[in-house]
Amino acid sequence: MPEKMTAKKEKNKLFHVEKRFDMPLWQSLLIRFGFIVVALFIALLILTISYGVNPFAAVGQMFIGSFGTPKRFWDFFRDGALLLGVGLALIPSFKMKFWNLGGNGQIIVGALVSAILMIDLGGKLPDAVVLLIMIPSSILAGAVWAAIPAIFKALFNTNESLFTLMMNYVSVGLVNAFIMFKYPIGSHIIPRLNNANFPTLFNDSLLIILIVLVLLAFMVYYLKFSKHGYELSVVGESMNTARYVGINVKKVIIRTIVVSGAICGFIGCLLASGVDFTVMPTTGNNMGFTAIIAVWLAKFNPIITAATSFFIVFITRGMTKVQSDNNIMNDATPNLVIGLIYFFIIGCEFFIEYKLLINKGGKEMKITEFIKSLFTSKVDKVKLPPATEGVEEEEVK
Amino acid sequence: MGDFSWVLVGLIDAISLAVIFLFGCIGETINEKAGNLNLGIPGVMCIGAAGGAVGALVYMKTIYKVLPIDIDAISFSFGSLVSYILLMLFVIIFVTIFAGLSGLLFSFLTTSLKANQNVTGLALTTFGAGFADFIMGLIRTTENKPLFTIASKIIRFHLPFNEAALGQAGMLLLGNGLFVYLCFALAIVVFLVLNKTRIGLSVRAIGENPATADAAGINTDKYKYFATMIGCAIAGFGGFFYTMSHVGGTWENSATLQGLGWMVLALVIFTVWNPLLAIVGSVIFGFLMSLPYVIPGIGFVEMELIKILPYAVTIIVLIFTSILGKKNVLPPGSLGVNYFREER
């Protein structure tokens, strides 16, 4: 048995890592929650020590920052929904193991095309007509922006993470150039665009939230029940397997990334015509990156992505409030706290996916058993061998 | 023919930017050669900037108080050299600790805890930017700000040449701060270590195929840890050079430095993972960056389009190398993939 052999070779090492398959969902959720609480605790401790923030008040301020007023409440859900939308766009490409780091750029070109049409056609044509042109155009723009690296990936295996990353900065440059072209004089800021704004329902946010919910339903269907979803997950698991079962790998890569970019382009359209009413080099506020973390934490599951997206938005908005309430002048707090929480969640995934076995006197045991053995061994040495033998049996199974 | 003196002005600017790029590029190249696609490099550079500022402040508050030797750029004295060396000593220790620890964190998460490298890198960038802003917010009090300006003057210390003697072209070659030449020398050293020594061979082997390297008896984890930590420490100096020399000891927020950090990732591709080419590449990138500001009578739109050039050129290089498919210009084989022995 090869597994037995590696185990023997590892005997002299203190730790031994093993893949785990059997953790129940509630336990993994509990671990994640625990790590988040610890991370938040540390973050608040840092703020308390350095700026004298009252940690208990800060927790309250975080909730007020997200839900305190009706406007904040709706903004929270709108921002969360938009982040979820970008996450949904990225899931298919990530499931295919195509590292699309270009969400930012795909959003920005979508927003840029929308803004151009709002400026050039808005007021000249009826708003509804402009919107009907605008939405497909920005979807197309996002799709094209994503398709360029995808085609090179499919044909020449060009590294997609680096390519998409570069495309982000090209798109930012295009926005800057456009602004300079259209508004060469003054402060180089596009004024609020009042024509051809995205329609609203009850308030500014509700329609966007509903659209993203529809998108969520679509993505669940697309990934779980459609042939496309099946094909892309096979390609992600193994390109060779996909080839053997007769999947056209190149086609699947390009098609999936086009879907990804199209949704990003649409989010860009929503941002330009329904949220910002303009386009800026910072449109999207790095959501393309934030969403990567959101979907990765959700293990590429669209529904769990909803939870992680709203959580990230909650922390960001909450920490912004904590910062302004405590007169902290630099705007570092949200980044610092979010970064800390990321590290803790990223780290805790290890304990969910792998089992850490500790080597003690040639016997491997789980951490809990190791700790137990530390206490029992001194009191009662006879009891130790049966406990470790139990583990061995479990492993053989 | 027109007047091309602006090229020289651009190049002088470019050298200063090139140092930031080159430090980052050398660091990231070491990271990537060992198979770690560290997207956290912008964050690492921010952390390095914070470390450099803390180091400089510690020097100013301790030794400078006793031995207040200011540096007048033209006069060259033994005292000013001592002052420079002492300050650099503090800075090097602090930057290495700060940025090195961020590398330790990255490699702990990706090598030991087997976390996804892209995600960990992005998290490190978020954290690093926040961390740098946070530290700078704490230490850059009104009382301390003049100290940073003085420290920056000391760091810009250069050999006793002046423009009258050398002319602009001469200044371009010999009039830079000492640190600039250290940086170029470091690139050569790293190139030699990576390509001519056994250690370098092991690092490259791990980046190409960790399973094979492991079978050949190389301790992959140990090498990944050290490569990442050393790489991040070096990249951190890019951040330090940005705040303490390029912008003269000021700090607005981490956004600009972060942008330069992302360009570093482009530069690594542009120079096909070769620290020697990185010397040329970083000057080219620096020149492209300064170009919009030095070309006389350039329009706003052209200015913005020129700013895209570094990225566009990088994309072209990326495509060409992948079509060419020659081993020595391709990304390391296992770039971005973690190695778990039992999953072979």
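Each chain gets a letter, A, B and so on, in the order the sequences are listed, and its residues count up from 1. All values below come from the heavy atoms of this structure, side chains included, with hydrogens, waters and symmetry mates left out.
Relative ring orientation between B:Tyr311 and A:Tyr169 is described as parallel, the plane-to-plane angle staying below 30° on a 0-90° scale split at 30° and 60°.
Only the side chain of B:Leu109 has a heavy atom closer than 4.5 Å to any heavy atom of chain A. Heavy-atom distances place the side chain of A:Leu101, and not its backbone, under 4.5 Å from chain B. The part of B:Asn118 that comes within reach of chain A is its side chain, from C-beta onward, which places non-hydrogen atoms under 4.5 angstrom from that chain. Contact of A:Phe289 with chain B is made through backbone and side chain together, with heavy-atom distances under 4.5 Å. The parts of A:Thr158 that come within reach of chain B are both its backbone and its side chain, each placing non-hydrogen atoms under 4.5 angstrom from that chain. Looking at B:Leu37, the atoms closer than 4.5 Å to chain A (heavy atoms on both sides) all sit in the side chain, from C-beta outward. If you measure heavy-atom distances from B:Leu124 to chain A, the contacts under 4.5 Å come from both the backbone and the side chain. When heavy atoms are compared at a cutoff of 4.5 Å, B:Thr314 approaches chain A solely by way of its side chain, counted from C-beta outward. In this structure, the portion of A:Leu165 lying under 4.5 Å from any heavy atom of chain B is its side chain and not its backbone. Heavy-atom distances place the side chain of A:Leu47, and not its backbone, under 4.5 Å from chain B.
Put simply, CG on B:Leu324 and CZ on A:Phe156 are 11.5 Å apart, with the number rounded to the nearest 0.5 Å. Taking CG of A:Leu162 as the reference point, atom CG of B:Leu318 lies at 6.0 Å (rounded to 0.5 Å). If you take CG on A:Asn159 and OG on B:Ser322, they are separated by 9.0 Å, rounding to the nearest 0.5 Å. Summarising the geometry, atom CZ belonging to B:Phe106 is positioned 9.5 Å from atom CD1 belonging to A:Ile346; distances are rounded to the nearest 0.5 Å. We find the CZ-CG distance between B:Phe127 and A:Leu340 to be 5.0 Å, quoted to the nearest 0.5 Å.
Residue-level contacts of residues 259-269 of chain B with chain A, in order of numbering, are B:Trp262, B:Leu265, B:Ala266, B:Ile269; threshold 4.5 Å between heavy atoms.
In this structure, B:Lys222 places its NZ atom where only 12 or fewer heavy-atom neighbours from other residues, nucleotides or ligands lie under 6.0 Å away.
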Task: Full working for side chain to side chain contact (heavy atoms under 4.5 Å, CB included) between A:Phe350 and B:Ser112 - done: CA-CA 9 Å; A:Phe350 172 79; B:Ser112 291; over 6 Å; no
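At a threshold of 4.5 Å between non-hydrogen side-chain atoms, the residues A:Phe343 and B:Phe108 do not count as touching. Between B:Ile319 and A:Phe163 the shortest side-chain heavy-atom distance falls below 4.5 Å. Proximity of A:Met167 to B:Ile315: side-chain heavy atoms (C-beta onward) are separated by under 4.5 Å at one or more points.
In this structure, A:Leu174 and B:Ile308 approach most closely via the heavy-atom pair N-CD1, 3.7 Å.
Counting heavy-atom pairs closer than 4.5 Å to chain B, the top-ranked of the candidates A:Trp99, A:Phe178, A:Tyr342, A:Phe351 is A:Trp99. In terms of heavy-atom pairs under 4.5 angstrom with chain B, the leader among A:Glu349, A:Glu353, A:Met166 is A:Met166. No other option in A:Cys348, A:Ser50, A:Pro184 has as many heavy-atom pairs under 4.5 Å with chain B as A:Ser50.
Contacts of B:Lys114 classified as salt bridge (charged side-chain N to carboxylate O under 4.0 Å, His left out), with partners at least two apart in sequence or in another chain: none.
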